[in-house]
Amino acid sequence: GKGGYPFYMEKEIHEQPDAIKDTVSPHIVNGKTSFAEEGIPDSLFRENQNIVVIACGTAMHAGLIGQQLFHTLANIHTDVAIASEFTYTNPVIKPGTLVIAVSQSGETIDTLEAIKFAKKKGAKVLSIVNVKGSTIADNSDYCIYTHAGPEIAVASTKAFTSQASVFYLLAIHAARLNGLLSTEEVAHYLDELNRIPEIITQILDKKSFIQKMTNKFLSHDQAFMIGRGLDYSLLLEGSLKLKEISYIHSEAYASGELKHGTIALITNGIPVVALVTQSALASKEYSNIREVQSRGASVLLITRQSLYKDMNIPEEDTFILPEMDDLFMTFPAAVVMQLIAYYTSSAKGYDVDKPRNLAKVVTVE
Ligand code: M6R
């Protein structure tokens with residue numbers, strides 16, 4: 001059942017603290033990352049200094065988070081490919097390339113075809129999958145399971161944050177194996193991972209505030225979302241969520257790209273979600289917010305206290321996230337984005353769990 005919630009999506013959003021705990025904890029052994037249970041040899045992250053993530057939709061967005069983690073922590077070059085494009089664009093797979101496939105269902109045909117293609121080219125495939133014994137798990141050399149439990153709502157939520165948590169573990173693991181992190185740094189990152197369930201609970205406690213914030217979208221048929229770095233990846237996911245279940249056309253834009261075209265679409269009253277969680281990028285991001293404000297955009301600001309800047313945005317349009325290490329702001333931000341989409345869809349009276357034209361598992365190319 002729906003556990004007392006009107007929709008599975010809301011139930012699944014609330015299951016994230018447990019989903020992440022259950023996914024992460026088996027891989028922290030004696031204060032160190034471990035994938036011994038999966039039979040993943042240390043050499044996999046020593047010998048492969050190129051990673052290609054292949055996935056679709058939300059799983060692909062988890063891959064974008066993974067890309068930044070592998071870059072930042074492990075100094076491993078990482079590309080993210082849309083599975084359906086990968087197979088048909090003659091990708092170059094040289095020795096030393098590890099393919100990481102990500103899939104909640106483990107049955108997505110585009111991802112499966114991409115795996116088969118990569119294996120033919122000689123790559124080793126590690127998959128991150130939620131459904132035990134699924135076809136993608138069976139077709140991979142190694143498989144790490146997320147323990148999100150069954151995800152019923154078409155819009156993926158707990159699978160996304162669980163997949164992301166595996167990327168944190170893997171990037172810390174790879175960095176550690178390549179001698180890039182001190183014992184203290186490993187301990188710090190693992191502490192942050194362990195804090196995620198509690199941090200998500202803090203967001204869930206403020207969900208009625210997010211519900212009020214979303215009123216902003218109700219009278220519009222389009223929205224923009226702007227951010228930089230990790231925030232941009234999260235907005236791609238938040239934007240997909242909003243499109244998928246509320247049928248509002250939403251475009252996530254890397255803030256620095258705005259002036260290269262999209263800002264032409266910003267006119268009076270257009271809702272713009274601005275996500276500011278990365279310290280090093282905050283001042284640039286605030287200039288971009290000013291740019292859209294001066295074109296009349298109505299801005300919803302999601303930031304953290306340490307980066308908050310008074311931008312003349314009404315209090316009811318500002319959400320302050322709890323503080324974590326910059327790299328880990330993914331989790332509180334993701335949950336806010338999920339709730340924005342959820343409340344918009346339910347306020348419009350849609351069947352949140354079963355959006356039109358979509359299936360939970362895509363088995364046709
Ligand atoms: O089962 P998979 O993770 O392979 O599915 C991939 C996408 O079809 C899926 O994430 C889709 O984008 C969701 N509906 C997004 O909410």
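Every number for a ligand or one of its atoms is a count from 1 in the order of the listing. The figures that follow rest on heavy atoms only: side chains count, while hydrogens, waters and symmetry mates do not.
- Of all protein heavy atoms, the one lying nearest to atom 5 (O) of ligand 1 is Thr108 OG1, 3.5 Å.
- Summary of contacts: the protein heavy atom closest to atom 8 (O) of ligand 1 is Val362 CG2, 4.2 Å.
- Only the side chain of Lys241 comes within contact range of ligand 1, with a heavy atom under 4.0 Å; no backbone atom does.
- Polar contact check, Ser103 against ligand 1: a nitrogen or oxygen pair lies under 3.5 Å apart.
- Remark: Lys124 is not positioned above the aromatic ring of Tyr142, lacking an NZ or CZ atom under 6.0 angstrom from the ring centre and at most 45 degrees off the axis.
- The aromatic rings of His173 and Phe35 sit perpendicular, their planes meeting at an angle over 60°, well past the 30° parallel limit.
- For ligand 1, the polar-atom distance check finds an N/O of Val154 within less than 3.5 Å of one of the ligand's N/O atoms.
- With a heavy-atom cut-off of 4.0 Å, Glu244 touches ligand 1 through its side chain alone.
- In terms of protein heavy-atom proximity, atom 15 (C) of ligand 1 is nearest to Thr58 OG1, 2.9 Å.
- With ring centers used as reference points, Tyr168 lies under 6.0 Å from Phe331.
- Between Phe224 and Tyr253, a ring centre-to-centre spacing not shorter than 6.0 Å is recorded.
- For atom 3 (O) of ligand 1, the nearest protein heavy atom (residue, atom name, distance) is Gln104 N, 2.6 Å.
- Atoms of ligand 1 lying under 4.0 Å from any heavy atom of Gly57, numbered from 1 in the order shown and given with element: 12 (O).
- Atoms of ligand 1 found under 4.0 Å from any heavy atom of Ala59 (numbered from 1 in listed order, with element): 3 (O), 10 (O).
- Atoms of ligand 1 lying under 4.0 Å from any heavy atom of Ser156, numbered from 1 in the order shown and given with element: 15 (C), 16 (O).
- Across Glu315 and Phe209, no two heavy atoms sit closer than the pair O-CZ, 3.6 Å.
- Enclosure of atom NZ in Lys119 by more than 12 non-hydrogen atoms of other residues, nucleotides or ligands within 6.0 angstrom is indicated.
- In this structure, Arg356 forms a cation-pi arrangement with Tyr247, its terminal cationic atom sitting closer than 6.0 Å to the ring centre and no more than 45° off the ring axis.
- The distance from ligand 1 to the heavy atoms of Ser105 drops below 4.0 Å at these ligand atoms: 1 (O), 2 (P), 4 (O).
- With respect to Arg295, the side chain to side chain contact (heavy atoms under 4.5 Å, CB included) criterion is satisfied by exactly one of Ile263, Val272, Ile270, Leu258: Ile263.
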**Message:** Quick one, Met329 with Gln278, criterion side chain to side chain contact (heavy atoms under 4.5 Å, CB included). Give me CA distance, side-chain angles, the key distance, then yes/no.
**Reply:** CA-CA 8 Å; Met329 291 303 292; Gln278 301 298 297; 4.2 Å; yes

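- Atoms of ligand 1 found under 4.0 Å from any heavy atom of Ala155, numbered from 1 in the order shown, are 16 (O).
- With respect to atom 7 (C) of ligand 1, the closest heavy atom belonging to the protein is Cys56 O, 3.6 Å.
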